[in-house]
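Comments concern the structure below.
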Amino acid sequence: MKLPRRNLLHLAAATAAIPALARIARAQAYPTRPITLIVPFAAGGPTDTYARLVARHMGNVLEQSIIIENVGGAGGTTGAIRAMRAKNDGYTILMGHVGTHAYSVALVPNLAYKPDLDFEPVGLVIETPSILVARRDFPAKDLKELISYVKANAAKLNLGHAGVGSISYTNGLWFSALLGVRPAFVPFTGTAPAATALLAGQIDFMSGSISDFGPHIQSGAIKAYATASAERSHVFPDIPTTREAGLPEFQTAPWWALFAPKGTPQPIVDKLSAALDESLDDETVRKRFAELGTDGLHREKRGQQALATLVKSEIARWTPIIKAANIKGE
Ligand code: MLT
């Protein structure tokens with residue numbers, strides 16, 4: 001049988017539309033199986049803690065489990081690359097942070113991804129103050145003494161961090177640059193193993209998210225010198241800020257956020273974004289964030305567009321700071 005040319009054209013158009021329709025149907029049904037959330041650092045650190053907290057609640061909202069996969073290494077960029085290259089179907093997402101999505105641009109030579117172009121922003125999760133800490137027997141009682149001691153003894157001191165590009169690395173380099181010294185930098189796959197080394201006295205000092213060290217500060221197992229924030233922490237009101245304690249330039253409020261691979265269908269990104277938003281309003285999530293030393297996220301900072309804007313502005317803000325401080329990746 002010979003079909004008229006017009007019918008053949010209609011048939012061809014309908015056939016071409018099938019993959020697009022299937023994609024829409026899949027996006028509407030999403031999620032039909034567990035989602036993997038890549039955490040680009042070791043278990044037990046802030047990235048892992050925040051990821052597990054929101055993943056549990058987002059999983060309830062989406063009625064699917066969200067499985068955490070810790071892919072540590074290279075200051076978070078190994079996990080970020082894995083997520084960037086994953087299938088963009090919503091079943092692999094990433095917990096990134098200011099390190100993977102802003103510092104790394106200036107710190108990591110030939111970074112394999114463009115943080116602002118190669119991901120779909122899902123939403124900001126949390127911002128936290130950084131804190132400066134040292135082993136319990138570190139011979140300095142306050143920040144001024146710490147500064148003098150580090151200046152005088154830098155060559156024999158070890159500073160812990162979570163890899164080039166991480167928050168703790170950048171904090172450590174910035175702090176050292178402000179003091180004009182260069183202690184030995186000791187890398188770990190996350191700040192949790194770095195904190196364990198600090199507890200054991202294998203490293204001397206470091207700076208990371210306040211939630212890394214809370215119980216150890218409370219028990220006196222490590223010494224805390226200052227929070228690198230404008231205001232004192234509500235969890236540690238006795239710890240001064242860097243402004244109060246004598247190093248006002250050292251101010252940093254790291255953030256964490258969810259990203260999906262570029263090209264993830266918009267309805268899927270919307271579902272993830274809405275589930276994240278609901279999680280951030282959940283009372284148990286808010287309470288836990290508060291216990292960890294962080295405040296909830298204001299509404300205007302939430303959502304995909306706010307995160308897209310933040311990533312661009314943070315790259316623009318940190319690239320010159322890192323270059324001016326002569327902070328380089330190794
Ligand atoms: C960092 O320093 O970038 C993070 O604290 C790493 C981590 O979450 O372990």
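Along the sequence shown, residues are numbered consecutively beginning with 1. Because the structure is a prediction, the values reported are computed rather than measured. Numbering of ligands and ligand atoms starts at 1, following listing order.
- At least one N or O atom of I167 sits closer than 3.5 Å to an N or O atom of ligand 1.
- Of the residues L258, V122, D270, the one that meets the side-chain contact (heavy atoms from CB on, under 4.5 Å) test with Q304 is D270.
- Checking T319 against Y103 by side-chain atom types alone, no donor-acceptor pair falls below 3.5 Å.
- Below 30°, between 30° and 60°, or above 60°: for H97 and F41 the angle between ring planes is between 30° and 60°, a tilted geometry.
- Of the protein's non-hydrogen atoms, the one nearest atom 2 (O) of ligand 1 is S168 OG, 2.6 Å.
- Look at H97 and you'll find a heavy atom under 4.0 Å from some atom of ligand 1.
- Of all atoms in ligand 1, listed by their number and element, those nearer than 4.0 Å to a heavy atom of G190 are 9 (O).
- Remark: ligand 1 atoms within the under-4.0 Å shell around heavy atoms of A162 are 2 (O), 6 (C).
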Query - D281 vs R302, salt bridge (Lys or Arg N to Asp or Glu O under 4.0 Å): CA-CA, chis, key distance, verdict - result: CA-CA 11 Å; D281 284 333; R302 299 208 196 158; 3.0 Å; yes
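- For W256, no nitrogen or oxygen atom sits less than 3.5 Å from a nitrogen or oxygen atom of ligand 1, counting backbone and side chain alike.
- Near S166, meaning under 4.0 Å from one of its heavy atoms, ligand 1 places the atoms 1 (C), 2 (O), 3 (O).
- Ligand 1 is approached by P46 to a heavy-atom distance shorter than 4.0 Å.
- Side chain to side chain, T32 and Y91 meet the donor-acceptor criterion of an N or O pair below 3.5 Å.
- Annotation: ring pair (Phe, Tyr, Trp, His ring centres under 6.0 Å) contacts of F188 (sequence neighbours excluded): none.
- In summary, the side chains of T47 and W256 do present a donor paired with an acceptor at a separation below 3.5 Å, with no hydrogens or angles considered.
- For ligand 1, one of its N or O atoms has an N or O atom of T47 under 3.5 Å away.
- Among protein heavy atoms, the minimum distance from atom 4 (C) of ligand 1 is reached at T191 OG1, 3.9 Å.
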